[in-house]
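First comes the structure, then the notes that go with it.
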Amino acid sequence: MSVEKMEKTVIEAVNKLEKLKVGESLAAELSWCWFSFKNDQNPVGLIEKSEKALELFKAAREKNSRAVSKKLVEDLEKILVLN
């Protein structure tokens with residue numbers, strides 16, 4: 001996955017976390033980890049926070065399948081597989 005697609009996915013995930021009003025601190029941490037990754041290319045924090053976001057999104061989809069798009073969940077999973 002290209003850096004541009006990763007950035008789009010991470011930004012979308014941050015926006016969705018804020019919109020769902022779950023994991024507000026996670027949204028800020030994921031955003032910080034993305035900018036850190038762009039600077040040092042170390043994906044450890046990005047992977048950790050993306051996994052937590054993915055868990056929240058899957059739980060939200062179980063309650064309401066329209067709460068989080070299937071594409072967002074799949075794109076986050078792709079980020080985790082690539083890193």
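Not measured: the values here are computed from a predicted model.
Rounding to the nearest 0.5 Å gives a distance of 10.5 Å between OG of Ser31 and CG of Leu46. Remark: Glu74 CD to Thr9 OG1 distance equals 11.0 Å, nearest 0.5 Å. How far CD of Glu55 is from CG of Leu76: 11.5 Å, rounded to the nearest 0.5 Å. Once rounded to the nearest 0.5 Å, the distance linking NZ of Lys49 with CD1 of Ile47 reads 13.0 Å.
Between Leu26 and Glu29, some side-chain heavy-atom pair lies under the 4.5 Å cut-off. For the pair Lys78/Lys5, no side-chain contact is recorded, criterion being any heavy-atom separation below 4.5 Å from C-beta on. Between Ser69 and Val73 the shortest side-chain heavy-atom distance does not fall below 4.5 Å. For the pair Lys38/Met6, no side-chain contact is recorded, criterion being any heavy-atom separation below 4.5 Å from C-beta on. Two residues are said to be in side-chain contact when any heavy atoms from C-beta on lie closer than 4.5 Å; Val10 and Ile79 meet this criterion. Contact of the Ser50 side chain with the Leu30 side chain is registered, since non-hydrogen atoms from C-beta on lie closer than 4.5 Å.
In this structure, Lys8 has no side-chain contact (heavy atoms from CB on, under 4.5 Å) partners at least two apart in sequence or on a different chain. Here Glu48 pairs with Lys52 under the salt bridge (Lys or Arg N to Asp or Glu O under 4.0 Å) rule; sequence neighbours left out. Residues meeting the side-chain contact (heavy atoms from CB on, under 4.5 Å) test with Leu20, sequence neighbours left out: Lys16, Val22, Phe57, Ala60, Ala67, Val68.
Linking ILVMFWY side-chain heavy atoms closer than 4.5 Å, directly or via other members, places Leu56 and Leu80 in a single hydrophobic cluster. Placement of Ile11 and Phe35 in two distinct hydrophobic clusters is found when ILVMFWY residues are connected by side-chain heavy-atom separations under 4.5 Å, directly or transitively.
Between Glu12 and Lys19 there is no salt bridge, since no side-chain nitrogen of the basic residue lies less than 4.0 Å from a carboxylate oxygen of the acidic one.
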Residues Arg61, Arg66; criterion side chain to side chain contact (heavy atoms under 4.5 Å, CB included); working and verdict: CA-CA 7 Å; Arg61 279 189 58 81; Arg66 301 181 94 184; over 6 Å; no

